[in-house]
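Notes for the one structure printed next.
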Amino acid sequence: IPDRLVGNEKSVWVEYTQLVLKYKPLNLGQGFPDFHAPENVIKALAATTTSDNPLLNQYTRGFGHPRLVNVIAKLFSRLLNRTLDPNNEILITSGAYEALFSTLQGHTNPGDEWIIIEPFFDCYEPMIKVAGGVPRFIPLKPKNINGPLSSADWVFDKQELESLFNEKTKGIILNTPNNPIGKVFSLDELQFISDLAKKWNVLVVSDEVYEWLVYEPAKHIRIATLPGMYERTITIGSAGKTFSITGWKIGWAYGPANLLYNLQVVHQNTVYTCPTPLQEAVAIAFEQELERFDSPDCYFVSLARDLKPKRDFMAKFLSDVGMIPTIPEGGFFMIANWTKLKDKVQLEEETDEYRDYRFTKWMAKNVGVLGIPPSTFYSPEHKYIGEDNVRYCFIKKDENLEKAAELLKKWK
Ligand code: PMP
Ligand code: GLN
């Protein structure tokens with residue numbers, strides 16, 4: 001492979017999907033629901049593909065299907081309290097992945113530095129490097145490690161963050177709610193990041209794919225709404241996460257036209273356009289949610305309400321077997337420290353460099369429960385912070401969470 005790709009050969013998603021196929025464990029690994037997507041969303045797609053309009057199965061506008069960019073502009077205009085231009089301030093992408101890729105390709109010159117808060121969704125690092133940029137890392141660290149933990153206990157050191165900014169800094173990537181910890185960044189933390197971004201005149205890329213998965217009393221704050229921040233922020237979202245349709249791979253980026261322009265240049269020469277029927281159906285789904293926006297049935301709030309008991313059930317059964325979970329304020333993942341159980345696993349049977357890889361593989365093969373090794377979400381020098389933990393996904397049917405609880409109890 002070409003030099004610029006060296007170091008990107010391994011992907012936890014590729015490797016662990018293989019494990020699922022081979023050992024067929026109860027899969028609490030990669031993040032996706034194991035239950036049906038909302039009926040209205042599926043029906044919208046069925047109706048679209050069989051509609052009388054032949055054009056709905058053909059190419060649509062490259063930067064986003066008109067019906068979809070219009071409704072996304074309407075929704076975020078309301079949430080940001082400013083008017084977004086659907087044609088120049090929104091780009092529809094092939095999942096949030098492509099929004100991240102087009103952002104980092106479109107805004108990186110060789111040598112530009114991007115600040116990443118660890119643990120981070122793993123593709124940020126290779127995307128920056130392939131674009132010729134340099135990632136700079138700052139870890140979140142737990143404030144106390146003895147009692148029960150909340151994701152709010154995982155914090156960055158303010159001075160350490162400040163010290164990473166310099167004249168080569170291009171921007172900072174924020175992910176709130178965070179994958180894998182579930183941290184929902186507080187106003188104070190976002191204000192601190194914003195002040196630094198303004199002081200150094202840099203970009204903020206805000207990955208908000210879990211924006212609707214926030215558990216009371218936590219509140220999702222869009223950094224683009226802070227004073228002077230819209231001008232320098234590219235915000236990324238995902239229909240996969242918003243509507244529990246991760247297989248559709250429709251995402252978006254929004255921000256000021258001058259910043260979005262760079263993404264358009266990348267998108268038009270790589271993906272060019274995303275699937276029309278999927279965009280039409282996502283547009284219909286958004287229109288329906290906008291109609292019931294203030295109702296408790298609105299999927300934007302009902303999904304999180306339905307997930308909260310699943311989160312709490314998982315926290316309990318992990319604690320019951322002796323793990324120390326971090327209760328997430330958002331997202332659908334939970335990390336748990338498993339070191340008290342180290343005598344119950346034969347880590348020497350596995351050959352991986354990092355303990356959490358050995359733990360998760362051994363568990364998949366011998367206990368039948370699959371989680372993701374969190375060290376994958378850290379730079380090499382900080383992987384040790386993730387190694388004592390495992391990440392489990394809880395957007396699963398109750399019966400499967402109960403099965404996981406039984407398997408863990410039996411093993412313990
Ligand atoms: N960002 C984060 C934080 C994620 O967890 C994911 C996982 N899906 C993505 C981006 C990519 O989203 P998509 O499936 O829409 O490409
Ligand atoms: N975001 C999901 C996760 O963290 C999916 C990852 C992926 O599709 N590569 O599990």
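Fair warning: this is a prediction, and the values are worked out from it, not measured in the lab. Here, residue 1 is the first one in the sequence, and each next residue gets the next number. Counting starts at 1 for both ligands and their atoms, following the listed order. Values below: all heavy atoms of this structure, side chains included; hydrogens, waters and symmetry mates excluded.
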Tabulation required: pairs of a nitrogen or oxygen in ligand 1 and a protein nitrogen or oxygen under 3.5 Å; columns are atom names and distance to 0.1 Å; otherwise 'none'.
unit_1: ligand 1; atom_1: 1 (N); unit_2: Asp207; atom_2: OD1; d: 3.4
unit_1: ligand 1; atom_1: 1 (N); unit_2: Asp207; atom_2: OD2; d: 2.6
unit_1: ligand 1; atom_1: 5 (O); unit_2: Asn179; atom_2: ND2; d: 2.8
unit_1: ligand 1; atom_1: 5 (O); unit_2: Tyr210; atom_2: OH; d: 2.6
unit_1: ligand 1; atom_1: 8 (N); unit_2: Lys241; atom_2: NZ; d: 2.3
unit_1: ligand 1; atom_1: 14 (O); unit_2: Lys249; atom_2: NZ; d: 3.4
unit_1: ligand 1; atom_1: 15 (O); unit_2: Ala96; atom_2: N; d: 2.8
unit_1: ligand 1; atom_1: 15 (O); unit_2: Ser238; atom_2: OG; d: 2.8
unit_1: ligand 1; atom_1: 16 (O); unit_2: Ala96; atom_2: N; d: 3.0
unit_1: ligand 1; atom_1: 16 (O); unit_2: Tyr97; atom_2: N; d: 3.0
unit_1: ligand 1; atom_1: 16 (O); unit_2: Lys249; atom_2: NZ; d: 2.7

For residues 234-247, which side-chain donor-acceptor pairs fall under 3.5 Å, sequence neighbours excluded?
unit_1: Ser238; atom_1: OG; unit_2: Gly240; atom_2: N; d: 3.1
unit_1: Ser238; atom_1: OG; unit_2: Lys241; atom_2: N; d: 3.3
unit_1: Lys241; atom_1: NZ; unit_2: Tyr210; atom_2: OH; d: 3.2
unit_1: Thr242; atom_1: OG1; unit_2: Ser238; atom_2: O; d: 2.7
unit_1: Ser244; atom_1: OG; unit_2: Tyr299; atom_2: OH; d: 2.7

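Classification of the Phe377-Trp13 ring pair by plane angle, with boundaries at 30° and 60°, yields tilted.
A cation-pi arrangement is found for Arg222 relative to Trp212, the charged atom lying closer than 6.0 Å to the ring centre and inside a 45° cone about the ring normal. The cationic atom of Arg391 (NZ for Lys, CZ for Arg) lies less than 6.0 Å from the six-membered ring centre of Phe333 and within 45° of the ring axis.
In summary, the side chains of Ser379 and Glu381 do not present any donor paired with an acceptor at a separation below 3.5 Å, with no hydrogens or angles considered.
Annotation: Phe121 is in aromatic contact with Tyr97 [ring centroid separation under 6.0 Å]. The ring of Trp252 has its center closer than 6.0 angstrom to the ring center of Phe286.
The 4.0 Å heavy-atom shell around ligand 2 contains residues Trp13, Gln30, Gly31, Tyr97, Phe121, Asn179, Tyr210, Lys241, Phe333, Arg391, ordered by chain and number.
Proximity of Ile372 to Tyr392: side-chain heavy atoms (C-beta onward) are nowhere separated by under 4.5 Å.
Legend: residues meeting ring-ring contact (aromatic ring centres under 6.0 Å, His included) with Phe120, ordered by chain and number and at least two apart, are Phe137.
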